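Inspection log for the structure reproduced underneath, given as structure tokens.
Just so we're clear, the structure is a prediction, and the values are computed from it rather than from any experiment.
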Amino acid sequence: MPEGHTLHRLAGEIGATFGRRRVRVSSPQGRFSDAATLLDRATLRGAEAAGKHLFVEFSGQRYVHVHLGLIGSFVLGTGTAPEPRGAVRLRFATRSSYADLRGPTVCELIGPGERAAVLDRLGPDPLREDADPEQAWRRIGRSRAPIAALLMQQEVLAGVGNVYRAELLFRHGIDPQTPGCRLDRQRWLLMWDDLVQLMRAGVASGRIDTVRCAHTPEAMGREPRVDDHGGEVYVYRRAGMPCWVCGEEVRTEVLAGRNLFWCPTCQDRRPA
DNA sequence: GGAAGATGACAAG
DNA sequence: TTGTCCTCTTCCC
């Protein structure tokens with residue numbers, strides 16, 4: 001289940017596995033059949049991620065635009081592709097590798113103009129070299145919305161999802177309800193740097209791990225715990241359990257339709 | 001076997 | 001804010 005690190009990792013894997021090769025493209029499930037027919041046996045040029053969006057480029061400036069949504073997955077395998085299991089929306093295959101896409105909210109064939117339009121509406125992505133944290137700050141620093149909501153808005157900041165937002169706020173001791181405009185710019189820049197490191201580690205390991213990737217004082221000297229997701233986290237989905245740092249019970253609340261997790265004692269950083 | 005939930009995003013009201 | 005879509009896994013009966 002994907003936040004931005006998943007998509008960047010996927011882009012790397014798809015590029016390394018299929019890049020500059022002629023690829024069989026199909027849609028066993030059927031919902032992408034017309035486009036798959038157009039792309040079949042074309043050369044896959046490369047793959048790129050922006051926030052939670054993935055663009056797989058084929059010859060002729062054709063792009064497959066994928067968004068995994070909440071439940072989508074794109075899984076690579078080696079060897080001859082097996083009989084498709086379940087609803088495989090899109091399959092790439094060569095003689096030695098294959099990749100199956102299931103459950104995306106977006107899987108469409110687009111051109112360069114549509115790709116540019118997607119990129120234009122996204123905020124800076126901490127995983128992209130060209131990203132500018134000041135661009136996000138211009139939105140955050142002017143908004144009265146809670147910082148926990150702003151971090152999830154892809155036009156403010158691209159690639160952060162529910163896990164990174166919860167963990168980032170914890171690591172910086174910030175009350176999730178703090179309005180964006182009450183945050184100070186220096187703190188935002190520290191948060192950005194932290195995100196860059198956390199998300200790069202996520203790309204490298206394929207999971208979100210905010211405890212082992214520890215470089216804030218709060219994280220020192222604590223026993224890491226392996227989370228259900230395979231990563232180690234401070235507050236995400238730990239409602240009712242003791243905070244690793246202070247022992248207070250981790251709280252949860254629905255904010256903007258999503259479960260938020262935080263420690264009320266550690267996260268008391270309030271506007272001055 | 002069925003319901004609920006899950007790292008997302010959009011439209012409608 | 002609510003409903004909807006996407007698919008799979010986990011939990012409970």
Under 4.0 Å: is that the gap between some side-chain N or O of [X] and OP1 or OP2 of [N]?
X: A:His67; N: B:dG8; answer: no
X: A:Lys52; N: B:dT7; answer: no
X: A:Arg31; N: C:dC6; answer: yes
X: A:Arg89; N: C:dT7; answer: yes
X: A:Tyr164; N: B:dT7; answer: no
X: A:Asn259; N: B:dA6; answer: yes
X: A:Gln154; N: B:dG8; answer: no

Looking only at atom [atom1], what distance separates [N] and [M], rounded to whole Å?
N: B:dT7; M: C:dC11; atom1: P; answer: 16 Å
N: B:dA4; M: C:dG3; atom1: P; answer: 14 Å
N: B:dC10; M: C:dC8; atom1: C1'; answer: 22 Å
N: B:dG13; M: C:dC5; atom1: P; answer: 15 Å
N: C:dC13; M: B:dG5; atom1: P; answer: 14 Å

Is [X] positioned over the aromatic face of [Y], cation under 6.0 angstrom from the ring centre and no more than 45 degrees off axis?
X: A:Arg89; Y: A:Phe32; result: no
X: A:Arg238; Y: A:Trp244; result: yes
X: A:Arg24; Y: A:Phe92; result: no

Could you tell me the separation between the [atom1] atom of [X] and the [atom2] atom of [N], rounded to a whole number of Å?
X: A:Leu255; N: C:dT2; atom1: CG; atom2: P; answer: 13 Å
X: A:Glu108; N: B:dC10; atom1: CD; atom2: C1'; answer: 14 Å
X: A:Leu68; N: B:dA6; atom1: CG; atom2: C1'; answer: 14 Å
X: A:Leu260; N: C:dT1; atom1: CG; atom2: P; answer: 13 Å
X: A:Phe261; N: B:dA6; atom1: CZ; atom2: C1'; answer: 10 Å
X: A:Arg85; N: C:dT9; atom1: CZ; atom2: C1'; answer: 14 Å
X: A:Leu90; N: C:dC6; atom1: CG; atom2: P; answer: 17 Å
X: A:Tyr236; N: B:dG5; atom1: OH; atom2: P; answer: 13 Å

Residue [X], side-chain atoms from C-beta onward, closest of [options]:
X: A:Arg258; options: B:dA9, C:dC6, B:dT7; result: B:dT7
X: A:Ile71; options: B:dG8, B:dT7, C:dC6; result: C:dC6
X: A:Thr105; options: C:dT7, C:dC6, B:dT7; result: C:dC6
X: A:Gln29; options: B:dA9, B:dT7, C:dT7; result: C:dT7
X: A:Arg121; options: B:dG8, B:dT7, B:dC10; result: B:dC10

Q) CZ of A:Arg187 to CD1 of A:Ile174: how many Å apart, nearest 0.5 Å? A) 5.5 Å
Q.
Quick check on ring-ring contact (aromatic ring centres under 6.0 Å, His included): which of A:Phe170, A:Phe261, A:Tyr164 does A:Tyr234 satisfy it with?
A. A:Phe170
Q: Please name all residues satisfying side chain to side chain contact (heavy atoms under 4.5 Å, CB included) with A:Arg121, sequence neighbours left out, ordered by chain then number.
A: A:His53, A:Val118
